Asker: 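Before we start, here is the structure in question, set down as structure tokens.
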There are 2 protein chains.
Amino acid sequence: MSIVARHDLHFLVHRLSRGFPLSDMEASAISHLPIMLKHVEAGADILREGDPASEACIVLEGLVCRYEIVAEGGRQIQAYHIPGDIPDLAGLHLQTLEHNICALRPSIVAMVSHRALHILIAEHPQIGARLWRETAIDAAVAHAWVSNIGRRTARARMAHFLCEMLARYQALDLASDTIPCIITQLELGDSQGMSVVHVNRVLKSLKRAGLIEMRGKNIRIRDQVALQFAGDFDPSYLHLSEAVH
Amino acid sequence: MSIVARHDLHFLVHRLSRGFPLSDMEASAISHLPIMLKHVEAGADILREGDPASEACIVLEGLVCRYEIVAEGGRQIQAYHIPGDIPDLAGLHLQTLEHNICALRPSIVAMVSHRALHILIAEHPQIGARLWRETAIDAAVAHAWVSNIGRRTARARMAHFLCEMLARYQALDLASDTIPCIITQLELGDSQGMSVVHVNRVLKSLKRAGLIEMRGKNIRIRDQVALQFAGDFDPSYLHLSEAVH
DNA sequence: AGATGACCTTAACGCAGGTTAGCCTCATTG
DNA sequence: CAATGAGGCTAACCTGCGTTAAGGTCATCT
């Protein structure tokens with residue numbers, strides 16, 4: 001853990017620039033945010049439910065998720081966060097958050113104080129708008145998950161989810177046809193509302209149909225179009241490339 | 001439909017004031033937003049998926065929902081909106097929205113142009129922060145729905161949902177123990193990810209247990225504490241009353 | 001090299017909840 | 001007041017998926 005002023009926030013800058021580039025001044029203001037790097041091991045919590053929020057974390061490397069424990073010990077993973085994401089951005093305007101954030105794989109995150117963010121936003125309203133947009137996208141993705149879990153069969157649901165993850169990594173140029181992080185079947189089940197056993201069945205079915213294959217522990221999408229069809233997937237809700245108005 | 005400058009936005013002002021009151025100037029700036037009233041009949045769409053967004057709607061009266069049609073004709077209701085809510089606030093920062101908004105009951109909404117909102121926010125940054133907070137709460141509620149639909153049994157899920165609706169109406173002083181709007185069993189099913197038939201079974205079970213009862217077409221919660229227990233419900237995710245920082 | 005533990009895989013069994021279908025009630029309308 | 005239609009209710013049947021259990025692979029540790 002160390003204080004750094006010029007570490008790599010480029011995935012964040014990239015995200016916020018989607019649609020319409022930030023000015024050099026704005027990009028540089030972001031890069032110069034006072035951050036504290038934190039190396040988190042797999043399975044470790046970064047933020048606990050109910051913690052009073054005074055800083056936010058930006059994912060730089062690895063895989064982070066937001067989850068909640070519901071009655072009877074079940075864990076529901078509500079969102080996955082990849083480099084450039086700010087899992088707890090909502091905390092900037094809420095007293096406490098009702099979910100936990102943890103690293104699923106060894107990860108590196110940058111902690112930024114809310115104070116610094118508020119100053120940044122006050123000086124650069126445009127950055128505020130872009131961050132607000134991130135909050136809106138977060139909500140849009142969550143709503144898409146509601147539809148996915150509520151109305152689709154397990155197979156379509158899994159296909160939809162895999163399309164989402166691949167598309168997000170592709171937008172960062174971190175993937176072409178293989179989801180570059182490892183997600184265990186237990187994690188897949190905990191996020192898609194199904195049991196591990198059924199995850200296995202569904203993956204098998206997608207493999208048999210030639211839509212995906214396993215590459216070591218990673219998932220390779222063999223036929224993205226067919227998988228999108230199977231999952232009734234339309235990437236627009238991710239707002240990966242639209243202009244700002 | 002008529003242009004009015006002083007209609008009743010008091011539920012909105014109330015929402016935005018939660019935790020810490022707005023200044024008189026701010027409250028009055030909101031009340032003087034140039035709005036266009038729209039009376040919408042039950043079942044009518046207010047906004048269609050993919051419409052380029054240039055205005056937002058504020059619910060004044062009635063019941064509005066956000067929904068999406070998934071493959072094979074199923075409808076998933078992603079959120080219910082009651083007076084004071086802005087169902088399409090996210091559109092302020094996104095090009096297009098991926099969902100539809102429709103009135104479930106005869107409703108009155110106020111349409112505000114994004115231009116007017118941008119001006120309001122520029123002149124009153126505090127209002128911008130409060131609106132941003134609304135976006136964050138919207139996301140928090142959606143995440144709670146993911147947990148609800150993903151991990152809870154139909155019975156607990158329904159209990160949780162009823163608690164949510166009641167709590168939201170109570171926060172507006174529009175309810176004590178009865179959810180003041182009518183929600184049909186079909187709508188309940190489409191939002192909770194279950195069939196009408198099963199909605200009926202579950203409601204019956206909650207009735208038999210003395211947790212709820214029907215009052216005409218409305219649902220009365222007979223034992224709020226027990227219902228919260230049955231639904232593993234904790235209202236904090238709704239952020240109904242917390243202070244702003 | 002054997003032990004340990006995390007994860008994957010498959011089979012067998014059972015149930016929560018979907019589907020289909022039919023009837024009932026009540027409000028609205030001509 | 002008869003006709004229509006929206007919504008509620010219930011029964012019978014069936015299936016997608018959960019549960020339990022057991023064995024397999026692989027990496028890591030001693």
Side-chain angles (χ1 to χ4, degrees), chain A residues 41-44 63 70-77 102-106 148-159 161 179 181-208 212-220 230, chain B residues 41-44 63 70-77 102-106 148-159 161 179 181-208 212-220 230:
Chain A
E41 52 186 306
L63 182 65
V70 296
E72 278 116 55
R75 168 178 72 162
Q76 175 68 44
I77 294 178
C102 84
L104 292 174
R105 303 283 88 79
N148 206 27
I149 300 179
R151 289 246 88 81
R152 277 191 262 265
T153 63
R155 199 185 122 111
R157 190 147 89 232
M158 183 62 69
F161 171 74
I179 296 174
C181 64
I182 296 164
I183 308 181
T184 69
Q185 297 190 3
L186 200 146
E187 287 155 6
L188 285 173
D190 282 352
S191 59
Q192 299 309 296
M194 50 183 124
S195 66
V196 210
V197 175
H198 206 57
V199 168
N200 193 277
R201 287 196 271 248
V202 162
L203 287 178
K204 193 163 110 186
S205 146
L206 293 175
K207 268 184 251 173
R208 246 191 292 112
I212 63 170
E213 73 182 19
M214 304 307 295
R215 263 207 181 170
K217 299 217 152 197
N218 289 3
I219 296 172
R220 185 169 93 86
Chain B
E41 52 185 306
L63 181 64
V70 296
E72 279 116 55
R75 169 178 72 162
Q76 175 68 44
I77 293 179
C102 84
L104 292 174
R105 302 284 88 76
N148 206 27
I149 300 178
R151 289 249 87 82
R152 278 190 262 266
T153 64
R155 199 184 122 111
R157 190 147 90 229
M158 182 62 69
F161 171 74
I179 297 174
C181 64
I182 296 164
I183 308 181
T184 69
Q185 297 188 4
L186 200 146
E187 287 155 7
L188 285 173
D190 282 353
S191 59
Q192 301 309 296
M194 50 182 122
S195 66
V196 210
V197 175
H198 205 56
V199 168
N200 194 278
R201 286 197 271 249
V202 163
L203 287 178
K204 193 163 109 185
S205 146
L206 293 176
K207 269 185 252 174
R208 248 191 291 109
I212 63 171
E213 74 182 17
M214 303 308 294
R215 265 207 179 171
K217 298 217 151 195
N218 289 2
I219 296 174
R220 185 169 92 84

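Chain A is the first sequence line, chain B the second, and so forth, proteins listed ahead of strands; every chain is numbered from 1. Just so you know, these numbers come straight off a predicted model, no measurement behind them.
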Asker: A:R155 has an atom CZ; how far is it from atom P of D:dT15, in whole Å?
Answerer: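 In whole Å, D:dT15 P lies 19 Å from A:R155 CZ.
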Asker: Roughly how far, to the nearest 0.5 Å, is the CZ atom of B:F161 from the CD1 atom of B:I219?
Answerer: 8.0 Å
Asker: Are any of the side-chain heavy atoms of B:N148 and B:Q192 separated by less than 4.5 Å?
Answerer: yes
Asker: Assign B:S195 to base, sugar-phosphate, or nothing according to its heavy-atom contacts below 4.0 angstrom with the strands shown.
Answerer: base
Asker: Starting at the 5' end of DNA chain D, which residue's closest nucleotide do you reach first, B:K207 or A:T153?
Answerer: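 Checking each residue's closest nucleotide, the 5'-ward one belongs to B:K207.
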Asker: NA contact type, A:G216, heavy-atom cut-off 4.0 Å: base, sugar-phosphate, or nothing?
Answerer: nothing
Asker: Supply the atom-to-atom distance B:E187 CD to B:S191 OG, rounded to the nearest 0.5 angstrom.
Answerer: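 Interatomic distance, B:E187 CD to B:S191 OG, rounded to 0.5 Å: 8.0 Å.
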Asker: Could you tell me the separation between the CZ atom of B:R151 and the P atom of D:dT19, rounded to a whole number of Å?
Answerer: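 Distance check: B:R151 CZ to D:dT19 P gives 8 Å.
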Asker: Hey, could you give me the CE/CZ distance between B:M194 and B:R201, rounded to the nearest 0.5 Å?
Answerer: 11.0 Å
Asker: Tell me which residues in residues 196-205 of chain A lie within less than 4.0 Å of DNA chain D, going by non-hydrogen atoms.
Answerer: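 Per residue number, the list reads A:V197, A:H198, A:R201.
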Asker: Round to the nearest Å and state the distance from B:Q185 atom CD to C:dT19 atom P.
Answerer: 16 Å
Asker: Please report how far the helix from C:dA1-D:dT30 to C:dG30-D:dC1 bends, comparing the axis fitted to its first five pairs with the axis fitted to its last five, to the nearest 10 degrees.
Answerer: 40°
Asker: Within the distance-only criterion (no hydrogens, no angle test), does the side chain of A:R75 pair as donor or acceptor with the backbone N or O of A:D190 below 3.5 angstrom?
Answerer: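 No: the side chain of A:R75 does not pair with the backbone of A:D190.
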Asker: Taking side chain as C-beta onward, heavy atoms only, is B:R105 less than 4.5 Å from B:T184?
Answerer: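 They are in contact (side-chain heavy atoms under 4.5 Å apart), so the answer is yes.
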Asker: Nearest whole Å is fine: how far is C:dC7 C1' from A:I182 CD1?
Answerer: 11 Å
Asker: For B:I149 and C:dA16, what is the distance between atoms CD1 and C1' respectively, to the nearest whole Å?
Answerer: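 Taking CD1 of B:I149 and C1' of C:dA16, I get 17 Å after rounding.
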Asker: Describe the nucleic acid contact of B:G43 in one word from base, sugar-phosphate, nothing, applying a heavy-atom distance below 4.0 Å.
Answerer: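 Nothing, no nucleic acid heavy atom in range.
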Asker: Rounding to an integer number of Å, can you tell me how far A:M214 CE sits from C:dC7 C1'?
Answerer: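 Answer to the nearest Å: 11 Å.
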Asker: Which distance, rounded to the nearest 0.5 Å, do you find between the CG of A:L104 and the CD1 of A:I183?
Answerer: 8.0 Å
Asker: Round to a whole Å and report the spacing from CZ of A:R157 to C1' of D:dG16.
Answerer: 10 Å
Asker: For the residue pair A:L188 and A:L203, establish whether any side-chain heavy-atom pair is separated by less than 4.5 Å.
Answerer: yes
Asker: What's the CG-C1' distance between A:N218 and C:dC7, to the nearest Å?
Answerer: 14 Å
Asker: Would you check if the side chain of A:R157 reaches a backbone N or O of A:R152 as a donor-acceptor pair within less than 3.5 Å?
Answerer: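 Present.
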